[in-house]
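Notes to accompany the following structure.
For clarity, every value in this text was computed on a predicted model and none was experimentally measured.
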Protein chains: 2
Amino acid sequence: MLPMSASTPQEPDARTRLARAAIDAFATRGFHGTTTRDISTAAGMSPAALYVHHRSKEELLFGLAHTGHARVLELVRASVARSDDPVTQLGDLVEDFVRDHAVAHTGARVINYELAALSEEHRADILAIRHDIDLVVRDVVDRGVASGAFATPDAHMTSLALLSLGIDVARWYRDDGRWTPDEVAAHYRLLALRMVGA
Amino acid sequence: MLPMSASTPQEPDARTRLARAAIDAFATRGFHGTTTRDISTAAGMSPAALYVHHRSKEELLFGLAHTGHARVLELVRASVARSDDPVTQLGDLVEDFVRDHAVAHTGARVINYELAALSEEHRADILAIRHDIDLVVRDVVDRGVASGAFATPDAHMTSLALLSLGIDVARWYRDDGRWTPDEVAAHYRLLALRMVGA
DNA sequence: GCTGACTGACTAAGCGCTTGCTTACCATGC
DNA sequence: GCATGGTAAGCAAGCGCTTAGTCAGTCAGC
């Protein structure tokens with residue numbers, strides 16, 4: 001029995017090539033600044049081939065946004081599940097969240113800054129996942145405040161600020177910059193714990 | 001002697017109407033998602049009238065970005081100039097910066113997230129102003145560390161995080177939301193001082 | 001010989017920007 | 001007091017080009 005796919009690792013399948021090309025293009029020029037030809041050409045196909053795999057340019061963006069958000073939701077849930085102590089939970093969550101936004105900054109930029117280009121239904125779908133991510137963070141902060149481990153005059157706004165700080169890493173992080181993702185993540189863990197008054 | 005202009009305050013001059021329409025449109029749909037007809041129609045003019053006041057759509061964006069950045073640079077310099085104590089200086093700076101990004105969130109969103117649409121020369125011009133803003137923040141943090149008022153393992157990254165936190169307010173702040181600009185600004189002042197270990 | 005991935009050639013619509021012209025306003029000369 | 005000429009702002013129309021998306025047909029692999 002041969003494996004399902006015999007494609008070489010240098011040449012991923014068409015869907016993957018389209019997704020990568022779309023992320024790069026959307027991150028660089030934005031959704032409306034990117035043409036379907038930019039994407040299909042970068043993926044090594046004709047303009048029409050994009051429509052074999054996706055109904056429209058908007059649906060391609062939605063696919064990227066949905067996959068990316070679902071992945072981040074699982075990421076933060078896994079971070080919190082590793083411990084019972086709110087201090088460790090928040091530290092791990094911020095560290096994992098920030099590292100991910102530094103490593104995958106290109107994709108994260110698309111996911112966070114191109115949502116306005118989605119249809120109303122698709123945007124609502126994404127906002128629901130974002131709300132779930134919010135809830136995970138807020139729950140950790142609330143439990144830390146309840147246990148006396150954290151002290152903050154507004155747990156809600158502090159939770160928002162923590163997430164906001166992590167998201168913005170995707171905007172400024174550069175692969176050829178001063179810090180590695182791990183260095184940023186470690187420093188942000190400290191900043192986050194200070195912000196909640198741990 | 002009559003005043004120079006007798007136009008009613010309800011109907012500002014053409015340049016102002018164009019600027020406001022452009023900010024609204026760019027913030028909602030992005031630079032490439034906005035047509036020159038969107039802008040001119042919202043300003044109550046024909047498509048051609050835009051070109052009486054601006055050489056191109058890109059130059060209109062550049063004008064908005066330049067004015068906005070110059071204003072923020074003056075804002076943070078004024079915040080720092082009000083005191084000699086790094087703790088007060090940083091608190092005032094963050095409070096003023098965050099309040100401004102909440103009040104003028106629409107314009108700030110355009111200024112911070114549409115820079116990729118600028119020409120190389122225009123983008124370089126804006127990045128130079130942003131660098132000056134960075135320097136103001138970094139200088140306050142460095143002096144706080146030197147005086148022993150602040151304690152942070154990486155003053156450079158902490159300065160970046162402080163600015164990053166303020167910028168991202170423009171992304172999430174809503175006029176009909178839970179908090180007033182003053183409330184957000186006051187809370188962020190506390191968060192900022194905790195982040196630097198004051 | 002059927003299926004699914006893919007292409008070249010195409011279309012309708014929309015884009016930024018220009019053109020040729022009109023209008024409103026104002027300083028100047030008489 | 002008023003014609004004259006200059007200027008800035010504005011518009012209707014439309015040019016040249018690009019866009020997202022379509023479609024009939026090709027072809028490799030099962």
Nucleotide C:dG4, atom P - distance to CZ of A:Arg15 in whole Å: 15 Å
Starting the side chain at C-beta, find the nucleotide from D:dA12, C:dT7, C:dC17 nearest to A:Met45. C:dT7
Taking OP1 and OP2 of D:dG10, is either one under 4.0 Å from a side-chain nitrogen or oxygen of B:His53? yes
Measure from OH on B:Tyr51 to C1' on D:dA8 and round the result to the nearest Å. 19 Å
Do A:Arg130 and A:His69 have side-chain N/O donor and acceptor atoms under 3.5 Å apart? yes
Among the candidates D:dG10, D:dA20, C:dT7, find the nucleotide nearest to the side-chain atoms of A:Lys57. D:dA20
Can you check the B:His54 NE2 to D:dA9 P distance for me, whole Å? 11 Å
Side-chain N,O (B:Thr36) to OP1/OP2 (C:dG16) below 4.0 Å: yes
Determine, for A:Asp154 against B:Arg178, whether the closest basic-nitrogen to carboxylate-oxygen distance falls under 4.0 angstrom. no
Do B:Arg71 and B:Glu74 meet the salt-bridge criterion of a basic N to acidic O distance under 4.0 Å? no
Tell me if the side-chain of B:Arg37 makes a donor-acceptor pair with the base of C:dG16, cut-off 3.5 Å, by modelled atom types. yes
Are B:Trp179 and A:His156 an aromatic pair by the rule of ring centers under 6.0 Å? yes
